[in-house]
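The model shown is predicted, which means the values in this text are computed figures rather than measured ones. Lettering of chains follows the sequences in order, A, B, ..., and the numbering in each one begins at 1. These numbers come from the heavy atoms of this one structure, side chains and all, not from hydrogens, waters or symmetry mates.
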2 protein chains.
Amino acid sequence: MTEQQQQTVARTYKYVAVAAAIRHTIETSLSPFDAVPSERDLMALYGVSRMTVRQAIATLVDEGLVYNVHGSGTYVGAPDLVSKPPKLTSFTEDMAGRGLKASSQILALSLERADSAVALSLGLSPGSECTHIRRLRLADDKPMAIEDVYVPRTILDIEQFRLGESLYQQLGAAGYDVLRAEQTIQAITLDPEAGSLLGVAPNASALSVTRVSSSRHGQRIEFARTIYRADRYTFQLTVTRDAEK
Amino acid sequence: MTEQQQQTVARTYKYVAVAAAIRHTIETSLSPFDAVPSERDLMALYGVSRMTVRQAIATLVDEGLVYNVHGSGTYVGAPDLVSKPPKLTSFTEDMAGRGLKASSQILALSLERADSAVALSLGLSPGSECTHIRRLRLADDKPMAIEDVYVPRTILDIEQFRLGESLYQQLGAAGYDVLRAEQTIQAITLDPEAGSLLGVAPNASALSVTRVSSSRHGQRIEFARTIYRADRYTFQLTVTRDAEK
DNA sequence: AAGTGGTCTAGACCACCGC
DNA sequence: CGGTGGTCTAGACCACTTC
């Protein structure tokens, strides 16, 4: 943590201060669906121009704390109405969010030539070498998923990989920050070997999540496939119909 | 389609026009990572104030078409880096997005007392009456999914329901605009009856998507469960790790 | 008709990037 | 240092909701 400890004094912008003041007002004295003071009132209240008020409100709208109704007013939103875009989380983070303790068991760690699916997904020429990590993922010490991760050798060589440390953290340290991923979710039928690893009936149903992760600039870093026990894992997300914004 | 045919002339706002002009410029003569003309140039070019230019650019940033770099410029984004929040779509829209033609076959239409799962999800007292619609959903005339929809009778009575017309459109016309939904995705094993309806083996795996839809103000409108053939349907989404914005 | 948020102007200065 | 986007002002009129 011995970072450069920026001394920037955090120059406070007016709209940030106004937003904080409004947030405080809401938290201390307003309830969901209550009206926030009008923009013109807020101008007078905080001694700023209307645009500054609007920018402050815009950040709150972004957070989902309030919403605008044209011609009527700005209102406090219901907390559970907030629709955040889904986040890319590690298995450990995902389990923690479900109140479970994550652990792992390495099943295999090897350098392999990418098969066509992996090569295609990662944009590699077929036969390129990849570090392959196969892990049994446990939640509260019971099998939850089988995970196969493929990373190009040029990004993370097998000898560099340190077991027990977060993969994303290691990739970030190597200059490959994972920022986004495309995920494909499908239902599959387990093969008997996977079934026995997961402790379920052979030929049981399971949820397969395939992920291709990329850096900020679109460079593909990781191909991962995780097969979850259908009886222990569901995937949840919020979708919106309009630009609720 | 004999709606009220609003005559609003679609009053075109300047920032919308400017955004369209910039979009056109990008599509016809710029490539990813190219710089867009500066805001001051755009002011002069389109004869509008800076704020209007900025609002136009803001909409394009929202779309992921361009991104700003403070102190440097505004640049065209890479198309595949765009991360849109997942949208709530009707089956017809969903299939159209996959290049398939959607059709339906009504399996049942009845008024029922909500079972505990439906009542809980919709916030109804157990035993409340619900309109239940069970449909076989086809894509390119082949079975794709079985869908059960439950709507409180107080929102849509069974006699009001018009077959063949979009449910969401009917709900909207009744003053219940569906704006967002919580979805739960899981893998299940089909029962033989469902398997035969879908034209797959009994006990095949399938993807189950459960949806609770709400209005702008959080009123729960619809409980739906759709069971998709695992071999014809996958669920895709983009997730981000940081506030990529 | 009064009040709200939405759009728009014509300026100004600040913070940051690259040369 | 010049040019860029980011913040901010003090007005104005438009579009919508509410009474």
Quick one: is [X] getting a side-chain N or O under 4.0 Å of the [N] phosphate, OP1 or OP2?
X     : N     : result
A:S38 : C:dT4 : yes
B:R40 : D:dT4 : no
A:Y13 : D:dT7 : no

**Message:** Listing request: all side chain to side chain donor-acceptor pair (under 3.5 Å) pairs with a residue in residues 120-130 of chain B, at least two apart in sequence or in separate chains.
**Reply:**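 Listed once each, the pairs are B:S125-B:S128, B:E129-B:R153.
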
Taking N or O atoms only and anything under 3.5 Å, show me the protein contacts with nucleotides 17-19 of chain C, one pair per line.
| unit_1 | atom_1 | unit_2 | atom_2 | d |
| --- | --- | --- | --- | --- |
| C:dC17 | O4' | B:G71 | O | 3.4 |

For [X] and [N], give me the distance from atom [atom1] to atom [atom2], rounded to whole Å.
X     : N      : atom1 : atom2 : value
B:N68 : D:dT7  : CG    : P     : 10 Å
A:I57 : C:dG6  : CD1   : C1'   : 12 Å
B:Q55 : D:dT7  : CD    : P     : 15 Å
B:E39 : C:dG11 : CD    : P     : 17 Å
B:R54 : D:dT7  : CZ    : P     : 7 Å
A:D41 : C:dT4  : CG    : P     : 6 Å
A:Y15 : D:dT9  : OH    : P     : 13 Å

**Request:** Please test B:L42 against B:I22 for side-chain contact (heavy atoms from CB on, under 4.5 Å), starting from the C-alpha separation and ending with a verdict.
**Result:** CA-CA 9 Å; B:L42 292 166; B:I22 298 172; 4.0 Å; yes

**Request:** Quick one: do B:E147 and B:R134 satisfy salt bridge (Lys or Arg N to Asp or Glu O under 4.0 Å)? Show the steps, please.
**Result:** CA-CA 6 Å; B:E147 182 191 73; B:R134 185 179 176 85; over 6 Å; no

**Item:** Ring geometry between A:Y75 and A:Y67 (parallel below 30°, tilted from 30 to 60°, perpendicular above 60°)
**Value:**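 Answer is tilted, since the angle falls between 30° and 60°.
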
**Message:** Students often mix this up, so state it plainly: with edges at 30° and 60°, are the rings of A:Y150 and A:F223 parallel, tilted or perpendicular?
**Reply:**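 The rings of A:Y150 and A:F223 sit tilted, inter-plane angle from 30° to 60°.
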
**Request:** Please confirm whether B:R98 makes a cation-pi placement over B:Y233, using NZ or CZ under 6.0 Å from the six-membered ring centre and within 45° of the ring normal.
**Result:**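 Yes, B:R98 and B:Y233 form such a contact.
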
**Prompt:** Under a 4.0 Å heavy-atom cut-off, which of residues 42-52 of chain B touch DNA chain C?
**Reply:**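 Close to the strand are B:V48, B:S49, B:R50, B:M51, B:T52.
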
**Asked** Is any side-chain heavy atom of B:H132 closer than 4.5 Å to a side-chain heavy atom of B:V149?
**Response**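 A side-chain contact under 4.5 Å is absent here.
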
**Request:** Taking the side chain as every heavy atom from C-beta outward, state whether A:F235 and B:Q186 have any atom pair closer than 4.5 Å.
**Result:**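 Counting from C-beta outward, A:F235 and B:Q186 never come under 4.5 Å.
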
**Message:** Testing the basics here: between A:L156 and A:T131, what is the closest heavy-atom pair and its distance to 0.1 Å?
**Reply:**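 Reported closest heavy-atom pair: O-OG1, 2.6 Å.
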
